[in-house]
Amino acid sequence: MSGAGLPQISTAPPPAAARLRDVASSPVREILALTQRPGVISFAGGLPAPELFDAPGLRAAFAHALDDERFGSTLQYSTTEGDPNLRRAIAARMVARGLPTDPDDVLVTSGSQQALTLIAAVLIEPGDAVLVEEPSYLAALQCFQMAGARVVPVPCDDDGLDPDALAALVRREQPKLLYTVPTFHNPTGRTLGLERRRALAAAAGRLGLWIVEDDPYGELRYRGEPLPPVASLPGAEDRTIALSTLSKVLVPGLRIGWLRAPAALRRALVVAKQAADLHTSTIDQAAAAHWLGACDLDAHIAGLRAVYAPRRDALVGALPEILPEGSRWTRPDGGMFVWVRLPDGWDADDLLKRALEREVAFVPGWPFFPAVPDRATLRLSFTTHTEAEIATGLGRLRDAVLDSRR
Ligand SMILES: Cc1ncc(COP(=O)(O)O)c(C=O)c1O
């Protein structure tokens, strides 16, 4: 038989899928690699302070999970929804934080990042619009872009997302969902006030929209009173997928997060997780459940706040002496981040080059913008270093600012 008429077979390996074409590797990850050089004081990563990791508590929790009596189940394949003890502990914490939750409402995920991937798999068709804050958490943007979404920014001001802008956007874009980090937002540190939360929740009910409320930082409050989750407010109760994680209160390396989903989405999310990884590590879930059972979580979190609050004050308090005149910045009540807007004409990438020469680092703000980047913005994280290191790092940053002026 001759091959005439058959298509030529290329010997080149097939290309990566088109959906990856427009998804850049996170510049933040690349910058983090630079900042891990010894001697660099980094305000770049959103890293919890390692000296606050409860290693002894985790050691005991893993020993318990590996107990002779239990290892038959804790080292075995398990259900996709998650360890029943862990789901109970998570539900109890969500109830204590003002969100009525049954263990069956909870799906344990491999970090809350996986929850974002599952939501994208379940809700987004290529070309669908997804509304996000401007700026927004970078890895969420990546996740929605990879699902083929059109990512559309919602106007934001110093108080966060503007719910009044939603109706017109929803009519124009017909989005599937709105993604928000209403408490101690990444990257800005802003918190959405109660009135706006109510307005957002009511809008979700009225406009026919899913809300994804991502809350990794809410437990890390240094000032003021906690606000109710958007998911608990009228209009949003059966419209909101609420996400959280142990990454910021225990350790990120454990990769334990969760989502609390309305009944209408639960089955689909479980199927998506089955397809992704069958289930989150059984041994890690068992250890997390034991840690939560054995630890006084309120006392543990009070310990984190007691260390992070003065670090926040040290950073925010020193900025007037460090940044060029005309800069503006947020004064977050909690979380890990301060967001800076340098005066017009400044470029945070240029400043970062000078800063790295002086062994100090931050993240430029432009990658966090879903549409038009503001190159004069940057993010500073205050959790990783002591007050003394923060002072040294900020002194280097001031020198980098002076270098840039020359
Ligand atoms: C807003 C936001 N969502 C999700 C995550 C992912 O966290 P996890 O470690 O639970 O995957 C982060 C991590 O920094 C974050 O800032």
Side-chain angles (χ1 to χ4, degrees), residues 26-29 31-32 35 42-50 52-53 82 86 90 93-94 106-120 130-146 151 156 160-161 177-192 211-220 229-231 240-260 273 276-277 280-281 284-285 288 292 304 308 330 332 334-339 363 365 367-370 379-384:
S26 158
V28 176
R29 299 258 152 246
I31 291 163
L32 284 182
T35 62
S42 176
F43 301 113
L47 305 184
L52 300 178
F53 292 163
L86 181 58
I90 289 169
R93 190 70 190 167
M94 294 193 101
V106 173
L107 172 63
V108 176
T109 56
S110 301
S112 49
Q113 189 63 35
Q114 187 187 42
L116 291 170
T117 314
L118 301 180
I119 291 165
V130 166
L131 302 184
V132 299
E133 284 141 339
E134 185 173 45
S136 198
Y137 169 52
L138 184 59
L141 297 180
Q142 280 181 314
C143 176
F144 298 138
Q145 281 160 354
M146 206 158 107
V151 178
C156 293
L161 176 151
L177 64 92
L178 163 73
Y179 169 73
T180 174
V181 184
T183 311
F184 316 139
H185 179 249
N186 181 4
T188 64
R190 288 178 194 134
T191 292
L192 199 67
I211 295 185
V212 177
E213 180 178 21
D214 189 3
D215 182 27
Y217 303 105
E219 300 265 21
L220 301 177
V230 174
T240 307
I241 311 168
L243 275 49
S244 195
T245 177
L246 290 182
S247 289
K248 314 296 173 176
V249 294
L250 177 53
V251 291
L254 200 54
R255 311 303 304 132
I256 296 285
W258 60 90
L259 62 82
R260 169 198 182 272
K273 178 154 170 80
D277 65 353
T280 294
S281 153
D284 295 350
Q285 290 189 72
L292 285 167
L304 304 182
Y308 289 153
T330 54
M336 297 189 164
F337 305 113
V338 171
W339 182 248
V363 182
F368 297 92
F369 286 84
R379 189 190 75 178
L380 297 170
S381 160
F382 53 80
T383 47
T384 325

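Both counts, for ligands and for their atoms, begin at 1 and track the order of listing.
Applying the side-chain contact (heavy atoms from CB on, under 4.5 Å) test to A120 and every residue at least two apart in sequence or in another chain returns I124, C143, F144, A147. For D214, the side-chain contact (heavy atoms from CB on, under 4.5 Å) partners at least two apart in sequence or on another chain are S112, L116, Y137, Y179, V181, P216, L243. Partners of V249 according to the side-chain contact (heavy atoms from CB on, under 4.5 Å) rule, which considers only residues two or more places apart in sequence or in another chain, are E219, L246, I301, L304.
Residue V130 is tested with V212, L177, L178 for a side-chain contact (heavy atoms from CB on, under 4.5 Å); the sole match is L177.
Side-chain N/O atoms of S110 and T280 include a donor and acceptor closer than 3.5 Å.
How far NZ of K248 is from CG of N186: 7.0 Å, rounded to the nearest 0.5 Å.
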Can you list every pair where an N/O of ligand 1 is under 3.5 Å from an N/O on the protein?
residue: ligand 1; atom: 3 (N); partner: D214; partner atom: OD2; Å: 2.5
residue: ligand 1; atom: 7 (O); partner: S112; partner atom: OG; Å: 3.3
residue: ligand 1; atom: 9 (O); partner: S247; partner atom: OG; Å: 2.6
residue: ligand 1; atom: 9 (O); partner: R255; partner atom: NH1; Å: 2.7
residue: ligand 1; atom: 10 (O); partner: S112; partner atom: N; Å: 2.7
residue: ligand 1; atom: 10 (O); partner: S112; partner atom: OG; Å: 2.8
residue: ligand 1; atom: 10 (O); partner: T245; partner atom: OG1; Å: 2.7
residue: ligand 1; atom: 10 (O); partner: S247; partner atom: OG; Å: 3.4
residue: ligand 1; atom: 11 (O); partner: S112; partner atom: N; Å: 3.2
residue: ligand 1; atom: 11 (O); partner: Q113; partner atom: N; Å: 3.0
residue: ligand 1; atom: 11 (O); partner: R255; partner atom: NH2; Å: 2.8
residue: ligand 1; atom: 14 (O); partner: Y217; partner atom: OH; Å: 3.3
residue: ligand 1; atom: 14 (O); partner: K248; partner atom: NZ; Å: 2.9
residue: ligand 1; atom: 16 (O); partner: N186; partner atom: ND2; Å: 2.8
residue: ligand 1; atom: 16 (O); partner: Y217; partner atom: OH; Å: 2.5

